[in-house]
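To start, the structure under review is shown below, and the notes come after it.
Here is the naming used below: chain letters follow the sequence lines, and residue numbers restart at 1 for every chain.
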There are 2 protein chains.
Amino acid sequence: MARTQGAFAALADPTRRQVFERLGEGPRAVGELAAGLPVSRPAVSQHLKVLKAAGLVSDRPDGARRVYQIDPQGLGQMRAWLDRFWDVALAAFAAEVERDNDEEEPPE
Amino acid sequence: MARTQGAFAALADPTRRQVFERLGEGPRAVGELAAGLPVSRPAVSQHLKVLKAAGLVSDRPDGARRVYQIDPQGLGQMRAWLDRFWDVALAAFAAEVERDNDEEEPPE
DNA sequence: ACTTACGGTAAGTGATGACTAACGCAATGG
DNA sequence: CCATTGCGTTAGTCATCACTTACCGTAAGT
């Protein structure tokens, strides 16, 4: 439950989000990812470590290379967590609109 | 699009997540939120400022108090962003399973 | 008007984390 | 084998941020 902790923290960093978004285009090796980013390859490697710990990506060896891809697990946990607040959020919003109407046309 | 930036960063902090989760129980004033948390009231006020900037909460004056509640806007943006990766994530996972099967039973 | 309750803001501090450079290790190719 | 390629890890630095204390503005009560 509280394991969405690392997932939000992982996607909070701009660089890490770029890495994740590029993986949205398909599986990529570390070097490929680093090539299109303004940071060094070790930096990308460290970011991937965080994303993996958060369950957002998975890796698989491919010879001397290492291919990463998006893992639906972490993604699913985040969606589930957000959905817990979706209903109550809409209800709160509806109540707020109701309150605004009462202010404009107060009951006589 | 890239405005989900602040939303993920906002929910990355544990204390801020606690504030947000308590707002999931319904609208609360700043003092009420701070009462159940291990941090000072100014700290909660600063956290609410961040959550508000991320579009995750909205506030409304109530006399001398100030009531906060969850805002569906930021929540919706996050859901939309995550959904962009959901399909490709499942496809990548399916491809990985396929790859594992090929390793166990290599084609003759 | 004075007082009390409620909250936002400013300044300062300690801790976390993102980054680079340097190194070590495994896998491929000549 | 020896060289090369591709990644992960370590050590160290610099910036960011969460927190507290103190202060100021505002709204209601007497």
**Item:** Min side-chain heavy-atom separation A/Val88-B/Leu75 under 4.5 Å
**Value:** no
**Message:** At a heavy-atom distance below 4.0 Å, which nucleotide of DNA chain D is the first touched by chain A, and which is the last?
**Reply:** D/dG6 to D/dT10
**Request:** Go through the structure and list residues passing side chain to side chain donor-acceptor pair (under 3.5 Å) with B/Asp59, not counting sequence neighbours.
**Result:** B/Lys52, B/Arg66
**Asked** Below 4.5 Å, heavy atoms only, C-beta onward: do B/Arg17 and A/Gln5 meet side chain to side chain?
**Response** yes
**Asked** Applying the 4.5 Å side-chain criterion to the ILVMFWY set and letting contacts propagate, would A/Val39 and A/Val50 be lumped into a single cluster?
**Response** no
**Contacts of B/Glu21 that satisfy side chain to side chain donor-acceptor pair (under 3.5 Å) - sequence neighbours left out** = A/Trp81
**Message:** Let me spell it out: for each of A/Ala64 and A/Pro42, pick the nucleotide of DNA chain C with the closest heavy atom. Which residue's pick is nearer the 5' end?
**Reply:** A/Pro42
**Closest-nucleotide 5' rank along DNA chain C - winner of A/Gly63 and A/Thr15** = A/Thr15
**Request:** Please examine the side chains of A/His47 and A/Gln18, heavy atoms only from C-beta on, and report whether any two atoms are closer than 4.5 Å.
**Result:** no
**Complete:** On a heavy-atom basis, the closest approach of B/Met78 and B/Thr4 is N-CG2, 4.2 Å
**Request:** Mind listing the residues from residues 31-40 of chain A sitting with a heavy atom below 4.0 Å of DNA chain D? Number order is fine.
**Result:** A/Gly31
**Item:** Results of side chain to side chain contact (heavy atoms under 4.5 Å, CB included) for B/Arg22 - residues two or more places apart only
**Value:** B/Glu25, B/Arg28, B/Leu33
**Asked** When the nearest nucleotide of DNA chain D is assigned to B/Arg41 and to B/Gln46 on a heavy-atom basis, which residue is associated with the more 5' position?
**Response** B/Gln46
**Item:** First and last nucleotide of DNA chain C, 5' to 3', lying under 4.0 Å from heavy atoms of chain B
**Value:** C/dC6 to C/dA10
**Asked** Which atom names give the shortest non-hydrogen contact between A/Leu90 and B/Pro72, and what distance separates them?
**Response** CD2-CB, 3.9 Å
**Asked** Stepwise, does the side chain to side chain contact (heavy atoms under 4.5 Å, CB included) test hold for A/Leu82 with B/Leu82?
**Response** CA-CA 10 Å; A/Leu82 290 178; B/Leu82 290 178; 3.7 Å; yes
